[in-house]
Participant: 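Before anything else, here's the structure in question.
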2 protein chains.
Amino acid sequence: MIQLKDVAELAGVSTGSVSKVLNGYAVSPRMKKSVELAIAELNYKPNMVARSLRTKTSNSIGVMVPYTNDPYFMEFFRGVSIGLSEKGKVPFLFSTEPHDEFSAQKMQQIFMRGVDGLIVSTYGWKDSVLEELYLIAEKIPVVSYKRSFPGTAIHSVGVDDCSGMFKAVEHLTSIGHRRIGYIASGLNLDTGQQRLKGYQQALEQAGIAYEDNLVVESAAFQIEDGYNAVQQLLKRFPLPSAIVGANNSVAIGALKFLESRNVKIPEDIAVMGYDDEPLSTLVTPKLSSVSVPVYEMTAKAVQIIEDAILGVHKETINILFPTTLKIRNSTDFSATAAFEFERFSR
Amino acid sequence: MIQLKDVAELAGVSTGSVSKVLNGYAVSPRMKKSVELAIAELNYKPNMVARSLRTKTSNSIGVMVPYTNDPYFMEFFRGVSIGLSEKGKVPFLFSTEPHDEFSAQKMQQIFMRGVDGLIVSTYGWKDSVLEELYLIAEKIPVVSYKRSFPGTAIHSVGVDDCSGMFKAVEHLTSIGHRRIGYIASGLNLDTGQQRLKGYQQALEQAGIAYEDNLVVESAAFQIEDGYNAVQQLLKRFPLPSAIVGANNSVAIGALKFLESRNVKIPEDIAVMGYDDEPLSTLVTPKLSSVSVPVYEMTAKAVQIIEDAILGVHKETINILFPTTLKIRNSTDFSATAAFEFERFSR
DNA sequence: TTGAAAGCGCTAACAG
DNA sequence: CTGTTAGCGCTTTCAA
């Protein structure tokens, strides 16, 4: 392994001087030149581990994502990754399984490795793991994705789920639906509660009485949970003319069950998702949904981390992003039929 | 930050001794006890950066995955992540964009951070980046996923693409198809060539003459590439009665185009994918495909890395895994209609 | 079995 | 502007 000392020798200068040109401090042009020559000659690469030990920063960020098959993981990670890369930072990635016994341990691992900050999606985390997170947040900046932790040092980026779901349901009432089933997921989470609230407020605004038995709770946020939950809704009488899922996956699960029973969508029953993803345009019919600005959110998360590391933030930051309605064929037969490729573009 | 020295002081022993109990060397029970007590009392966490600098190993592995929207990325990463986690190793993740100018730079970054090995999917990498990879492979173990580099130090895990595609096409000929269109992707890669070869061999075995104009090349491996490519195939006369995609995404793209033109699948044209993924069961009709044992492959990749780090391997390892046929409704109308959830299970 | 001490490769005062 | 030097927190000889 060729190291700084070797560069110094070849260039005929001190190691301190080499370090200076490496880190962009003021040096004479002559010195700079000869050092750079030696670096190129030897193909020298600084040892980041030694640098980290000395400077106590690593230019790396811990990222924790849930292990679900949910595609939002992919977009979240992708966004964070692009953002960090632009800032010259490296992601240390950890996946967490919901109810993973080792999440706390993994988080410690990552912390011990000297990351400068943490960006986390805490979906499925147990309280004990969250406790650990609070502790870490006292020491390095932490940004939580789509979930806020009021009263802690944890920053967050999220969306206004109440207004987002309001839009979804308002869309349905605006095209005439009066009996709207709701597949509720994550009612133990603030985000799940806000979505339900949005549903209720939209009904209220349309002058529709809320009916408890049009809301069924799903086991979780996955496709199969929606597939199972929708079956309850089909036992109601009169049948709902529209069904909204608390997220996109449960809506797709519902869609798939209805398809298997030859229910016509949207003619017999309209289906609406929430938290749009590329998959929406690949199912038949294409799923209407409410879209969340993943890229803006992840970019912001990275920005917050960076600022926090630099000590810019004195207060905990909690930002909510707006959502946008995507109307497709699962609620509107006449919606654009052109093949639409939804990509994560920047 | 509480450190080893503090533990030593509290326990009334030397730092060397604390290090010994930390690393499981022989110490007296008394010493062990008191040190452990002090560690617990102070809630001491070793600084992995310092440890790495000293030991020259980091227990971390660099993982490079392509930035595509292709879901196979997710499964690959998930498998690797689970595998590493089981070995107590941490993934340092880097995403690469096809034709990314910075891939080489990113790889250097990761290398400089002292990873003990590298697991890479080189999809879309330019030659200059590969050159860099060869160099790195001289210094630390590298395992490539789904692509081999004969004559280099790079290990690989892959599948037998020729026999895999053979199975796919054989399935079609066995149910009576004689005119089978093929969407070729990645003909510049060995894996793309092997798949095409499998297609040709299956035709030959069925006594069907190969026709150049039933093979169209797609721009890349994405859904939209299949969507575009299939349009060429529809200009052939007589029309093919079946179409095979070189991977799952292009097959889905084809499926979506045919759907938009109200072509009945599989009655008018059967569609077959390759390299199955969960998405196959979410499109309508469900896509027949050839499945690759992602988890076994990633687990093997991790195993190889681990062994190589320990110096077990003297030779470069190249392993091919077998594929399995998944028959669904896009080729067989009567295939199981039950809702099938494909999950990445272990 | 334990302690003392010498670094791992780098940066950052501090002097010159 | 440049060189010297003292560590960053840990492991690992080497002696005791």
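Just so we're clear, the structure is a prediction, and the values are computed from it rather than from any experiment. Numbered from 1 within each chain, the chains take letters A, B, ... in sequence-line order.
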Participant: With respect to the phosphate group of dT11(C), does any side-chain polar atom (N or O) of Asn23(A) fall under 4.0 Å of OP1 or OP2?
Facilitator: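 Asn23(A) to dT11(C) OP1/OP2: side-chain N or O found under 4.0 Å.
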Participant: Please report, rounded to the nearest Å, how far the C1' atom of dC10(C) is from the CZ atom of Arg113(B).
Facilitator: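 Arg113(B) atom CZ is separated from dC10(C) atom C1' by 14 Å.
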Participant: Take Lys20(B) and Tyr44(B), find for each the nucleotide of DNA chain D with the closest heavy atom, and name the residue whose nucleotide sits nearer the 5' end.
Facilitator: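 Of the two residues, Tyr44(B) wins.
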Participant: With heavy-atom distances below 4.5 Å as the criterion, would you say the side chains of Val35(B) and Tyr44(B) are in contact?
Facilitator: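 No. Closest side-chain heavy atoms not under 4.5 Å.
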Participant: Can you find a side chain N or O atom of Tyr25(A) that sits less than 4.0 Å from OP1 or OP2 on dC1(D)?
Facilitator: no
Participant: As a test of reading the structure: which of dT2(D), dT11(C), dT12(D) is closest to the side chain of Ser19(A), going by heavy atoms?
Facilitator: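 Taking heavy atoms from C-beta onward, the closest nucleotide is dT11(C).
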Participant: Given dT12(D), dG3(D), dG3(C), which nucleotide is nearest the side-chain atoms of Val13(B)?
Facilitator: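 My answer, after comparing the listed nucleotides, is dG3(C).
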Participant: Would you say dT2(C) has OP1 or OP2 under 4.0 Å from some side-chain N or O of Ser28(B)?
Facilitator: yes
Participant: Can you tell which of dC1(D), dC8(C), dT2(D) lies closest to the side chain of Arg54(B)?
Facilitator: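 Out of dC1(D), dC8(C), dT2(D), the nucleotide with an atom closest to Arg54(B)'s side chain is dC8(C).
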Participant: Ignoring backbone atoms, test whether Lys56(A) places a side-chain nitrogen or oxygen under 4.0 Å from the OP1 or OP2 oxygen of dG9(D).
Facilitator: yes
Participant: With a cut-off of less than 4.0 Å, is there a side-chain N or O of Ser17(B) near OP1 or OP2 of dT2(C)?
Facilitator: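 Result: no.
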Participant: Could you tell me how far apart Glu9(A) (CD) and dG9(C) (P) are, to the nearest whole angstrom?
Facilitator: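 To the nearest whole Å, that distance equals 13 Å.
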Participant: Can you tell me the distance, in whole Å, between the NZ atom of Lys5(B) and the C1' atom of dG3(C)?
Facilitator: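 Distance, rounded to whole Å: 17 Å.
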Participant: Atom CG of Asp6(A) to atom C1' of dC8(C): distance rounded to whole Å?
Facilitator: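 From Asp6(A) CG to dC8(C) C1': 14 Å.
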Participant: For Gly16(B) and for Thr55(A), find the nucleotide of DNA chain C with the closest heavy atom, then tell me which residue's nucleotide is more 5'.
Facilitator: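 So the residue in question is Gly16(B).
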Participant: In whole Å, I'd like the distance from the CE atom of Met31(A) to the P atom of dT2(D).
Facilitator: 6 Å
Participant: For this output row, return yes or no: ring centroids of Tyr123(A) and Phe221(A) closer than 6.0 angstrom.
Facilitator: yes
Participant: Of all the nucleotides listed (dA5(C), dC10(C), dT2(D)), which has the minimum atom distance to the side chain of Pro46(A)?
Facilitator: dC10(C)
Participant: For Asn318(A) and Ser148(A), test the side chains for any donor-to-acceptor distance below 3.5 angstrom and give the result as yes or no.
Facilitator: no
Participant: Any idea which of dT2(D), dG9(C), dG3(C) is nearest the Leu53(B) side chain?
Facilitator: dG9(C)
Participant: About how many Å separate CD of Glu9(B) and NZ of Lys5(B), when rounded to the nearest 0.5 Å?
Facilitator: 6.5 Å
Participant: Could you tell me how far apart Leu4(A) (CG) and dC8(C) (C1') are, to the nearest whole angstrom?
Facilitator: 13 Å
Participant: Atom CG of Leu22(A) to atom P of dG3(D): distance rounded to whole Å?
Facilitator: 15 Å
Participant: Could you check which of dT1(C), dG3(D), dT2(C) has an atom nearest any side-chain atom of Ala26(B)?
Facilitator: dT1(C)
Participant: Any idea which heavy atoms bring His155(B) and Ala308(B) closest together, and the distance?
Facilitator: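 That would be NE2-CB, 4.1 Å.
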Participant: Counting any heavy atom closer than 4.0 Å, what does Met48(B) reach on the DNA or RNA strands: base, sugar-phosphate only, or nothing?
Facilitator: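 Answer is nothing: Met48(B) stays at 4.0 Å or more from every strand.
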Participant: Expressed as a whole number of angstroms, how long is the span from Ile39(B):CD1 to dG9(D):P?
Facilitator: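 The answer, rounded to whole Å, is 17 Å.
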Participant: Of the nucleotides dC10(C), dA5(C), dC10(D), which one has an atom closest to the side chain of Gln3(B)?
Facilitator: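 Looking only at side-chain atoms, Gln3(B) lies closest to dC10(D).
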Participant: Rounded to the nearest 0.5 Å, how far does CD1 of Ile319(B) lie from OG of Ser156(B)?
Facilitator: 8.0 Å
